[in-house]
K.L.:
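Let me give you the structure first, and then I'll get to my questions.
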Amino acid sequence: MRSSYLLLAGVIAAPATAGTVTVTIPRLPVAEYHRPYVAIWLEPAVGGAARTLAVWYDVKKGGKEPGTKWLSDLRAWWRKGGRSLALPANGISGATRAPGQYSVALPADLRPGAYVLNVEAARETGGRELVTVPLTVPNGTARTTGKTELGAVTLAAR
Amino acid sequence: MKNITRHLIAAAALLALPAAGSAHRMWLLPSATVFSGTDSWVTVDAAVSNDLFFFDHQPGRLESIKVWQPDGTAGQLQNGATGRYRSVFDVQLDKPGTWKIGSENGGVGGSFKVDGVEKRIGRRGPPQPGAPAPLTVADIPANATDVKLTESSGRNEIFVTAGAPTTTVFRTTGKGLELSPITHPDELVAGEAARFRFLVDGKPAAGLKVTVIPGGKRYRDAENGMDLTTGADGVLTVTWPTAGMYWLNANLTDAKTNVPRATERRLSYTTTLEVLTP
């Protein structure tokens, strides 16, 4: 758990990023709560291959099944790129997160242009939500809010 | 050789001819069509009924159901069981890619007269225990008159994908009515148009009538079926109104028979498609 906070701290130290995405996982007043699976990815605005920035799932699950069984519940992400990603993916895969605010850096090698930022969350015994917001690289900012499974999704230029 | 062919035709005639002249719908319903795990299993219901997808009439028959692995080789059907109203079986999706599961049925039905008495060829409906074996083409005597034979063949197949989708199992045989997907059948999304090409004997099936019916009939008043037609290029375009399971059925009657003395050929193609939310 602590190591994931350290990872987040690393975002700040990273040089020359094209921007930072901040995703809020809301605290939900439900009887049975499980942390959601979350995928964050970019698609070129004109269409094209998706680039996954992060996927948070049951990455440490032991036994025969490495935690990928429910990844297809992130339906849009799975269809648009998840299914062709070898998991766990270095720098992309991570454990599920508790409610709170999390930041992910846009890759430094991201080419300038117009993109759509996608954030999808799916929760066991809960709902699923896909939030999208257009953004430009570099120096773009963006802000939107999910309704159920996701809170604020923002993009800062740094 | 001729004898073998005759026996094959006779054997084929013993298979049920579900599509022929019956409103009952034969369907295969997979538990899901998109899988992300490394030890994924799909479980499939097989049944014959009017309302989709409710088992309330006859079970599907497992003997004719085959499995094609993503590389096109034969796969294995497991844990098969047949109940009063439905059959069920599992397939372990132990290789990544798109799998095909389904059956091909063919047969000959019809009638002839001997001394003014009409006799039927082929069985109607499911097999009844203790019933005499149905007559076959080989049983038509030389003095028969009014021989009317209809050849029928149909496919009922579903597609499920573990990991990234592949297309090897879409290879067509050039025989009968076949689906040649343009949109991958495991990539269907509500609100988006999907395109499928239908082929008859390997050539585009222009003007083919296709019915697409959403599941969940019990919980609404109307059937909400879509009656669609393929274009000159054999391509069908379907825009999915909502997410869910859909039953797709295409039928065609022509005179391009393969069985001697048959005057009519009935072809059918059936599949069940899962449409996901965007």
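Proteins come first, then strands; the chains are lettered A, B, ... in the order of their sequence lines, and each starts at number 1.
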K.L.:
For atom CZ of R220(B), is the number of surrounding heavy atoms from other residues, nucleotides or ligands below 6.0 Å larger than 12?
P.N.:
yes
K.L.:
Side chains of V34(B) and R75(A): does their closest heavy-atom pair fall under 4.5 Å?
P.N.:
no
K.L.:
Write down the atom of A76(A), the atom of P278(B), and the distance for their closest heavy-atom approach.
P.N.:
CB-C, 4.5 Å
K.L.:
Tell me, yes or no, whether the heavy-atom count around W41(B) atom CH2, taken from other residues, nucleotides or ligands under 6.0 Å, exceeds 12.
P.N.:
yes
K.L.:
Work out which heavy atom in W78(A) is nearest to a heavy atom in F35(B); give both atom names and the distance.
P.N.:
CZ2-O, 3.6 Å
K.L.:
Check whether T38(B) gets within reach of chain A through its side chain, its backbone, both or neither, counting any heavy atom under 4.5 Å.
P.N.:
both
K.L.:
How many angstroms lie between atom CG of D186(B) and atom OG of S72(A), to the nearest 0.5 angstrom?
P.N.:
11.5 Å
K.L.:
So, S36(B) and R83(A): side-chain donor and acceptor under 3.5 Å apart, yes or no?
P.N.:
no
K.L.:
Quick one: which of L85(A), D73(A), L71(A) has the most heavy-atom pairs under 4.5 Å with chain B, could you say?
P.N.:
L71(A)
K.L.:
I'd like to check T277(B) versus R128(A) (side-chain heavy atoms, cut-off strictly below 4.5 Å). Are they in contact?
P.N.:
yes
K.L.:
Got a second to check how far K69(A)'s NZ is from D39(B)'s CG, nearest 0.5 Å?
P.N.:
8.0 Å
